[in-house]
Amino acid sequence: MRAPPPLESRRQAVFLALAAIPAGRVVSYGQLAELAGLGRGARWVGWVLGRLPEGSALPWHRVIAADGRPSLTQDSPSGREQRERLRAEGVLLHEDRVDMRRYRWNPAESVE
DNA sequence: TAGATGGCCCGTT
DNA sequence: AAACGGGCCATCT
């Protein structure tokens, strides 16, 4: 029988998938979990992202909730930074929501 | 060992 | 549109 992959490698998988997201695009937590080969690890992914080292160059801000809202509250420092970074990349928010139909990244059509 | 807790998700009310 | 409940994976009490 096969032992489950070590946590560390799953974390790496999340990082790789995260690093692959182009600027100006976003993904949901669940989607990121899928991309990393974790299936339904959405919640765990959220936990991992909340624990990234501060100096990390990874685009954590491109991961938002499935309904298009950044999960971090607007009044938190990280919440403001997230919205600021998204805006800087050209991702517009309406009523604090991102239009997923437009900005959601689909790896299959990443031919751009 | 059981319950509660997380930057969640989805179908149903 | 918003609230609720069950499910998901891992960690912490």
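Computed over heavy atoms, backbone and side chain alike; hydrogens, waters and symmetry mates excluded.
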* Which part of the nucleic acid, if any, lies within reach of Ser78(A) when heavy atoms closer than 4.0 Å are counted: base, sugar-phosphate only, or nothing? -> nothing
* Asked: What is the distance from CZ of Arg83(A) to P of dG7(B), rounded to the nearest Å?
  -> 15 Å
* Asked: What's the CZ-P distance between Arg43(A) and dG7(B), to the nearest Å?
  -> 9 Å
* To do: Please name the pair of heavy atoms, one in Leu58(A) and one in Ala19(A), separated by the smallest distance, quoted to 0.1 Å.
  => CD2-CB, 3.9 Å
* Structure fact -> Looking only at dC9(B), dC9(C), dG7(B), the nucleotide nearest the Ala42(A) side chain is dC9(B)
* State which of dA1(C), dG7(B), dC8(C) makes the closest approach to the side chain of Ser71(A). => dG7(B)
* Asked: Nearest of dG7(C), dG7(B), dC9(B) to any side-chain atom of Ala65(A)?
  -> dC9(B)
* Asked: Taking atom P of dC12(C) as reference, at what distance in whole Å does atom CG of Leu7(A) sit?
  -> 11 Å
* Gap between atoms CD and P, on Glu8(A) and dC9(C) respectively (whole Å) -> 20 Å
* Could you please name the option among dC10(B), dG6(B), dG7(B) that lies closest to any side-chain atom of Ala66(A)? => dC10(B)
* Would you say the side chain of Met100(A) lies within less than 4.5 Å of the side chain of Ile64(A), judging by non-hydrogen atoms? -> yes
* Asked: Considering only dC9(B), dC9(C), dG7(B), which nucleotide approaches the side chain of Trp44(A) most closely?
  -> dC9(C)
* When the distance from CH2 of Trp47(A) to P of dT11(C) is rounded to whole Å, what number comes out? -> 5 Å
* Asked: Under 4.0 Å between a side-chain N/O of Ser28(A) and OP1 or OP2 of dC9(B), yes or no?
  -> yes
* Asked: Gly50(A) near the nucleic acid: base, sugar-phosphate alone, or nothing, with a heavy-atom cut-off under 4.0 Å?
  -> base
* Give the rounded distance in Å between these two atoms: CG of Leu38(A) and C1' of dC9(B). => 15 Å
* Expressed in angstrom and rounded to an integer, what is the separation of Gln31(A) atom CD from dC8(C) atom P? -> 21 Å
* Would you classify Arg40(A) as touching base, sugar-phosphate or nothing, given that sugar-phosphate means primed atoms plus P, OP1 and OP2, and contacts are heavy atoms under 4.0 Å? => sugar-phosphate
* Pair Glu89(A) + Arg25(A): basic N to acidic O under 4.0 Å -> no
* To do: Have a look at Val48(A) and say if it touches a base, only the backbone sugar-phosphate, or nothing, with a 4.0 Å heavy-atom cut-off.
  => nothing
* **Length of the line joining Leu32(A):CG and dC9(C):P, which is rounded to integer Å** => 16 Å
